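We name chains A, B, ... by the order of the sequence lines, and we start the count at 1 in each one. Please read these numbers as outputs of a predicted model, since none were measured by experiment.
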Number of protein chains: 2
Amino acid sequence: MKDVASAAGVALKTVSRVVNGEPGVHPGTAERVREAIELLGYSRNESASVLRSGRTATVGLVIEDVADPFYAVLSRAVEDVTTGYGCMLLSGSSSEDPVRERELVGAFCARRVGGLIVVPAGADHSYLRPELEAGTPAVFVDRPPGPGLDVDTVLTDNAGGAGLAVRHLLGHGHTRIAFLGDEPSIFTAARRLHGFRAALGHLFDERLVAMRTPTPAGVRADVDRMLALDAPPTALFTGNGRLTVTALRALAGRLPALVGFDDFELADLLVPGVTVVAQDPAQMGRVAAELLFRRMHGDTGPSEHPLLPVRLIPRGSGELPA
Amino acid sequence: MKDVASAAGVALKTVSRVVNGEPGVHPGTAERVREAIELLGYSRNESASVLRSGRTATVGLVIEDVADPFYAVLSRAVEDVTTGYGCMLLSGSSSEDPVRERELVGAFCARRVGGLIVVPAGADHSYLRPELEAGTPAVFVDRPPGPGLDVDTVLTDNAGGAGLAVRHLLGHGHTRIAFLGDEPSIFTAARRLHGFRAALGHLFDERLVAMRTPTPAGVRADVDRMLALDAPPTALFTGNGRLTVTALRALAGRLPALVGFDDFELADLLVPGVTVVAQDPAQMGRVAAELLFRRMHGDTGPSEHPLLPVRLIPRGSGELPA
DNA sequence: CGACCGCCGGACAACGTTGTCAAGGGCCTG
DNA sequence: CAGGCCCTTGACAACGTTGTCCGGCGGTCG
């Protein structure tokens with residue numbers, strides 16, 4: 001910048017003004033400065049700018065895994081909103097590891113992000129308190145923070161969605177409905193189990209519930225065990241997209257009625273089409289990002305907790321008779 | 001940091017030494033400093049650190065769209081390697097827009113990233129020259145840079161893969177093979193067309209080629225036109241994952257033999273299973289990232305251009321007879 | 001017992017930018 | 001014609017950290 005200033009024959013500050021589009025610079029001067037910038041291939045040092053001004057125009061996003069289509073779509077939505085506000089997005093995958101989550105948040109804060117969007121992996125987020133008090137807003141997405149932290153959240157109606165699925169299957173005559181879910185320590189899995197149980201009422205049977213990290217072998221074992229019962233299930237409710245796909249492979253043709261939580265590409269092309277309770281990850285990302293930017297722009301109202309609706313999409317597998 | 005220093009009763013520099021794990025600090029002093037850090041919830045200001053030292057421990061990644069599973073997996077692989085080297089990953093989606101690509105690269109450079117991994121959208125990358133000369137290495141992935149830029153690339157054997165697909169179909173008796181590809185201005189699409197044409201030789205028929213951005217309506221029109229020919233194709237080669245899926249929908253049961261470029265989840269569960277020529281996006285990301293880190297660590301050898309192999313996975317759709 | 005050496009801690013400048021404040025010059029108004 | 005105001009420009013300090021250099025203290029060797 002010093003070089004640009006001397007090349008254009010002006011003071012440092014004038015170059016700074018031009019670079020930042022501040023008013024009060026003679027158009028001719030500005031043009032000369034711009035030429036010098038072009039000529040020298042100058043690019044502003046963001047670090048120095050941040051250091052001096054305290055502003056970063058950066059937002060941090062912690063998700064579970066970018067390679068998971070659900071979070072990939074969510075990321076993209078957040079990125080689009082962020083870009084729309086002239087900000088950059090920093091993101092990282094926690095791999096469901098609380099330690100990694102905390103490292104990522106720490107790295108983002110050290111880079112002085114203006115705000116955080118977090119899909120939490122851990123159960124304790126007291127480490128965030130200093131940042132929140134320092135004025136860095138945070139929005140929790142898909143799962144709430146640990147106890148004692150009053151921040152905005154954007155959650156899906158997990159229990160309601162599970163209820164929707166169960167009632168749909170009940171409506172097609174099923175009374176033996178099984179549930180395959182993720183680890184019960186994961187918030188969404190627990191909420192979906194809750195909704196499942198509540199909608200089934202006295203029809204709930206513990207033997208028809210299996211909750212674990214969805215590995216092919218594990219899911220196959222669960223499916224085999226359930227199908228071998230004296231009174232096997234006639235319908236299956238799978239608790240997330242990965243489980244639905246894993247279960248379809250494990251079933252290998254022995255297809256009971258099936259409704260899955262989460263939509264996925266090609267669900268419509270399978271035979272039969274897979275009926276799902278669909279969330280909208282892009283909407284989730286947009287809502288969270290917009291909320292975050294409102295906070296970053298100074299909205300200090302009480303914390304908000306929008307609950308996003310789900311939608312049942314019948315495609316065939318959920319409409320098979322009992 | 002100043003506060004930490006006075007709380008611990010030491011000088012600024014000593015705190016700096018502790019934070020950076022530099023030698024030459026009495027263990028007891030270091031412990032006192034760490035306690036003060038913990039107590040005050042201090043976190044180093046990365047901007048100031050970068051400004052002073054010039055080092056960033058950050059890598060920039062420009063891809064086409066995080067929400068695309070191919071790039072999502074690639075991103076994750078790059079992120080894992082980056083994390084392994086103690087670096088942070090900055091990434092952004094260009095949406096196939098050269099202007100956006102350039103903006104992203106500019107933003108990354110302004111943040112003084114240590115290196116760049118780019119899936120280029122544009123055809124001219126001379127704007128990168130100053131950065132490269134300034135010592136910021138770059139690796140181009142999936143597509144080469146515009147002419148006149150001597151940088152590392154990591155590409156897939158696109159033409160070879162297309163040839164593999166065509167010979168597979170020829171081997172099952174097909175002589176009328178159609179090609180649906182993306183915009184020919186996209187490098188990979190052009191290379192795949194090239195391989196397709198070369199492998200077909202005199203059997204190549206221009207009426208059986210359609211190249212465009214894969215919209216459902218457009219692909220349907222292409223498919224309808226080809227199937228209505230006097231001598232319709234008996235086999236179809238689709239030029240990327242998105243096209244394969246779009247074509248499957250457009251075909252709606254009128255299924256000729258089909259081989260797709262790119263593997264995709266559930267390809268094995270469709271009926272028949274979809275035969276594909278599979279790339280390995282994770283490997284692509286890893287190779288590119290490792291190469292970049294070698295450059296960042298000072299390897300100044302001649303530019304490298306690994307060509308990643310592809311693999312034909314027969315699943316049924318490519319083995320249908322003519 | 002004295003001098004030298006090594007180890008540890010501290011003072012200070014500098015990184016590149018921007019906020020503050022002030023000064024110069026031209027133009028409008030009284 | 002003079003005074004004042006606005007527009008444009010510039011000088012300077014400060015942001016938080018780290019590299020450089022120096023000083024003091026204790027131990028060891030001659």
So what does [X] hit on the nucleic acid, given a heavy-atom distance under 4.0 Å: a base, only sugar-phosphate, or nothing?
X         : result
Arg44(B)  : sugar-phosphate
Arg112(B) : nothing
Ser49(A)  : sugar-phosphate
Ser16(A)  : base
Thr29(B)  : sugar-phosphate
Val10(B)  : sugar-phosphate
Val19(B)  : nothing

All stems with DNA chain C, defined as three or more consecutive Watson-Crick or G-U pairs under 3.5 Å =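 The stems that DNA chain C takes part in, listed by first number, are C:1-30 with D:1-30.
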
Side-chain H-bond candidate by donor/acceptor type, Thr156(A) with Asn158(A), under 3.5 Å =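 There is no such pair between these side chains.
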
Should Asp142(A) and Leu155(A) be marked as a side-chain contact (heavy atoms from CB on, under 4.5 Å) after you check the CA-CA gap, both sets of side-chain angles, and the distance that decides it?
-> CA-CA 5 Å; Asp142(A) 196 44; Leu155(A) 306 178; 5.5 Å; no

Residues two or more places apart in sequence or in another chain: which of them pass ring pair (Phe, Tyr, Trp, His ring centres under 6.0 Å) with Phe140(B)?
->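 So Phe140(B) forms a ring pair (Phe, Tyr, Trp, His ring centres under 6.0 Å) with His125(B).
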
Do side-chain atoms of Ser75(B) reach the backbone of Tyr71(B) as a donor and acceptor pair under 3.5 angstrom?
->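 It does hold such a pair.
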
Evaluate the criterion side-chain contact (heavy atoms from CB on, under 4.5 Å) for residue pair Val139(A) and Thr153(A); output intermediate values, then yes/no.
-> CA-CA 6 Å; Val139(A) 176; Thr153(A) 61; over 6 Å; no

Just the endpoints, please: which first and last nucleotides of DNA chain D, 5' to 3', lie under 4.0 Å from a heavy atom of chain A?
->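 Extent of the interface on DNA chain D: dT8(D) to dG16(D).
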
